[in-house]
Each structure stands twice: as structure tokens, then as C-alpha cells.
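To start, the structure itself, in C-alpha cells.
All values below were derived from every heavy atom in this structure, side-chain atoms included, with hydrogens, water molecules and symmetry-related copies excluded.
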Amino acid sequence: MVTASAQFRQILGIRFFVGDADEAVARMSSGGLLVVPAAPALKNLAHDPAYREALQGADLVITDSAFMVMIWNRLKRDSIRRVSGLKYLSSLLKQPDFYQPGGSFWIMASEASARRNSAWLRRRGIELASSDCYVAPLYGKTISDPALLRLIDERRPRHIVVTLGGGTQERLGLYLRSELDCKPSIHCVGAAIAFLSGDQVLIPKWADRMYLGWLFRCLSDPRRYMPRYWDARKLLSLMIRYGSSLPDTLLSAPVTTVELATALASKNITSTPTTSR
């Protein structure tokens, strides 16, 4: 029998759920905030207090970042699994609530995304009224959206699905959970639906299982995604320096070559890796 503590790991001060997608969906059935942080946003933990607060305040954080999972398993000789936002969404959409009128409310990144994503959902039997979708404005450092709060409180959906970019959607999710009168399940799944609807490049299930989603995105739009994923390499430095602990300063210096070499040697990084699936 798996204990409750065995289903979580403290990574960079964030309590990550390491069970499977179906278990995560079940845990969210009674409401709350779920986030799926990816490496390009996770590397900002040391200098983005609002993002850090959102991750720490979430009710469930799943292991969407393949890079984080691989680093953790090597450093700690662990075998946690990755649960991608794509896999989580696929499991979530099996829930009967999504097939009931008004059962879900979707926050989209643009009008074009809303049209494509709604059409994809419709083909799968999930009908969304125009009032079930909301195109988010460009939020600043502080999120305040009274119009969105009123709309959701009027409709009182069972589920809210947020499909915005990392770093923004988590802060919006925390704002909604804090300010809404109703208590829905808030799922911040980012671009997951876009990979299915054609709003972004199609990522096959086999590619997602093999941690290759980032490569498909980079090949589809190199100028947009290659710098983003290259910048995500900074997550390695954070994890070597802090491990389970929250980065303790907003001015954390990069890990030096000596620190990196010492960490790799002490953790036997060159040894046979432990599988993360």
C-alpha cells in the first residue's frame, strides 16, 4: 500500500504530487487549484515571488517538467514519474461533468485559440456555449479581473480550465481560488489542449511519453521556442544548489563550474540512470 507521504516530493520548496494522472484527477474532484509547472517557468522560482507564491499555494502540483523529473531522479536516485499536462487533461476530460451543460468554464489565450479549442471539444461531445469561454486579457504583475469573477460566480461551473502560459496561469488560478464565492476545481493546464486541437503543433502520445514534446514545439517554431527551452537549462543550477529547499534569495548566483562538478561527482550522475516511468 502506498502511503500518502510517498505520493509527494518536496522539490525546490514545492510539494509535487508524484502519483498518476487518474489519481490527480480524483484528488481534484472536491475543488481546489491544480498547476502543471514546466521548466521554462520553474527556473524563475528564485526571482519571481508571485509565481513562487502561486506554486506554494496550489492544492496540487504535478510533475509536468520532464527536465525536472530527470534531474531529480539522477540527483536523488529516485524514480518519480512525469505526469504531463497533456496526460492530465486527457484523464480530466473523461469526467462526466464536462459533458453536462455549464459543467466547465474555459479561460483561453486568444479568440483564435478559443475557436479551435471549442471546435475540438465539440467534436468529442463537449459542447461549450459562448459564455463558457473567456478570452483572458494581458495580465500584468498584479492580477485583478472583477469581470471574470462575476461571470464565474454567476455560472458556478464545476470545473475551470485555464489554458494560458506558464507564470501567468498559476497566478490567475490562485487569484480565482482566493476571490471566487463558489469553490470549483481549477485546472491550470497551459498549452495541453492546444497540442490536441491544432492550435499548436500536434504532439503524439508516444512523443509525450518519451519527453519529446519540447522538441516538437521547437521544430514547429524555432524562433519562439528554442530560446525558451535553452533558457530552461538554468533549472539544473537551481536544483543542484537547493534540491528540496526553496531558493532562499532573489539574487541567487548561477552555480559555478566547481559546484557543478562536485555535485555531479557526489551524486554519481555518470552512473546508470533510474527510470522515471
Side-chain angles (χ1 to χ4, degrees), residues 17 24-37 41 50-51 53-62 64 85-86 88-122 124-194 196-197 199:
F17 177 69
V25 169
R27 283 175 175 268
M28 288 299 297
S29 63
S30 58
L33 171 63
L34 174 136
V35 296
V36 291
Y51 177 64
E53 180 185 8
L55 295 193
Q56 288 187 298
D59 296 286
L60 204 65
V61 186
I62 62 174
D64 177 66
L86 182 58
Y88 177 81
L89 180 63
S90 297
S91 181
L92 179 65
L93 292 181
K94 297 175 185 176
Q95 303 306 301
D97 292 333
F98 283 87
Y99 299 85
Q100 302 299 321
S104 63
F105 184 90
W106 295 70
I107 301 175
M108 308 289 193
S110 68
E111 293 283 359
S113 294
R115 288 193 298 271
R116 293 191 187 98
N117 295 340
S118 296
W120 182 84
L121 290 167
R122 191 177 306 114
R124 278 145 188 82
I126 300 174
E127 291 285 348
L128 298 181
S130 58
S131 53
D132 292 329
C133 290
Y134 181 82
V135 177
L138 291 176
Y139 295 111
K141 290 184 178 180
T142 300
I143 291 181
S144 178
D145 196 337
L148 176 59
L149 293 179
R150 286 194 298 270
L151 184 58
I152 294 174
D153 275 327
E154 287 171 2
R155 298 191 62 75
R156 305 185 75 83
R158 182 68 189 81
H159 299 273
I160 298 173
V161 185
V162 187
T163 67
L164 308 182
T168 297
Q169 65 171 1
E170 297 88 354
R171 295 186 295 120
L172 177 61
L174 186 63
Y175 167 77
L176 293 176
R177 194 194 63 185
S178 301
E179 300 296 330
L180 285 171
D181 292 331
C182 59
K183 302 299 178 185
S185 299
I186 305 170
H187 316 273
C188 296
V189 298
I193 190 172
L196 300 170
S197 69
D199 193 39

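In this structure, Arg116 CZ and Glu111 CD are separated by 12.0 Å, a value rounded to the nearest 0.5 Å. Note that CG of Leu151 is 8.0 Å distant from OH of Tyr134, once rounded to the nearest 0.5 Å. In this structure, Leu174 CG and Cys188 SG are separated by 9.0 Å, a value rounded to the nearest 0.5 Å. To the nearest 0.5 Å, atom NZ of residue Lys141 and atom CZ of residue Arg171 are 10.0 Å apart. Here CD1 of Ile107 is found 5.0 Å from CG of Leu176. Values are rounded to the nearest 0.5 Å. Put simply, CD on Gln56 and OH on Tyr51 are 11.5 Å apart, with the number rounded to the nearest 0.5 Å.
Residues Asp145 and Tyr139 bring a donor and an acceptor atom of their side chains to less than 3.5 Å of each other.
Using a 4.5 Å heavy-atom threshold, the side chains of Gln95 and Val25 count as touching. Side-chain atoms of Leu121 and Leu93, non-hydrogen and from C-beta on, do get closer than 4.5 Å to each other. You'll find the side chain of Leu172 stays beyond 4.5 Å of the side chain of Ile186, heavy atoms only. At a threshold of 4.5 Å between non-hydrogen side-chain atoms, the residues Ser113 and Thr163 do not count as touching.
Contact between Ala41 and Gly166 at its shortest, heavy atoms only, is CB-C, 4.2 Å. The shortest heavy-atom contact between Pro157 and Pro184 is O-CB, 3.4 Å. Scanning both residues, Pro146 and Ser144, for their nearest heavy atoms gives CD-C, 3.7 Å. Contact between Gln169 and Gly190 at its shortest, heavy atoms only, is OE1-N, 2.9 Å. When all heavy atoms of Ala192 and Leu86 are compared, the pair lying nearest together is O-CD1, 3.5 Å. The shortest heavy-atom contact between Val36 and Gly85 is CG1-CA, 4.3 Å.
No donor-acceptor pair closer than 3.5 Å links the side chain of Glu170 to the backbone N or O of Leu55. The backbone N or O of Trp120 lies less than 3.5 Å from no partner atom in the side chain of Ser197, so there is not a single donor-acceptor pair. Within the 3.5 Å criterion, the main-chain N or O of Leu34 finds no donor-acceptor partner in the side chain of Asp59. Using a distance-only test at 3.5 Å, with no hydrogens or angles considered, a donor-acceptor pair links the side chain of Arg177 to the main chain of Gly57. Between the Asp181 side chain and the Asp153 main chain, no donor and acceptor come within less than 3.5 Å of each other.
Tyr99 is linked by a side-chain contact (heavy atoms from CB on, under 4.5 Å) to Ile126, counting only residues two or more places apart in sequence or in another chain. By the side chain to side chain donor-acceptor pair (under 3.5 Å) test, Arg155 pairs with Ser131, Asp132, sequence neighbours left out. Under the ring pair (Phe, Tyr, Trp, His ring centres under 6.0 Å) criterion, Tyr88 pairs with His187, sequence neighbours left out.
Between Trp106 and the choices Ile193, Ile160, Val135, the side-chain contact (heavy atoms from CB on, under 4.5 Å) rule is met once, by Ile193.
Summarising the local packing, CD of Glu53 is surrounded by 12 or fewer heavy atoms from other residues, nucleotides or ligands at distances under 6.0 Å.
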Decide yes or no on side chain to side chain contact (heavy atoms under 4.5 Å, CB included) for Asn117 and Leu128, but give the supporting numbers first. CA-CA 10 Å; Asn117 295 340; Leu128 298 181; over 6 Å; no

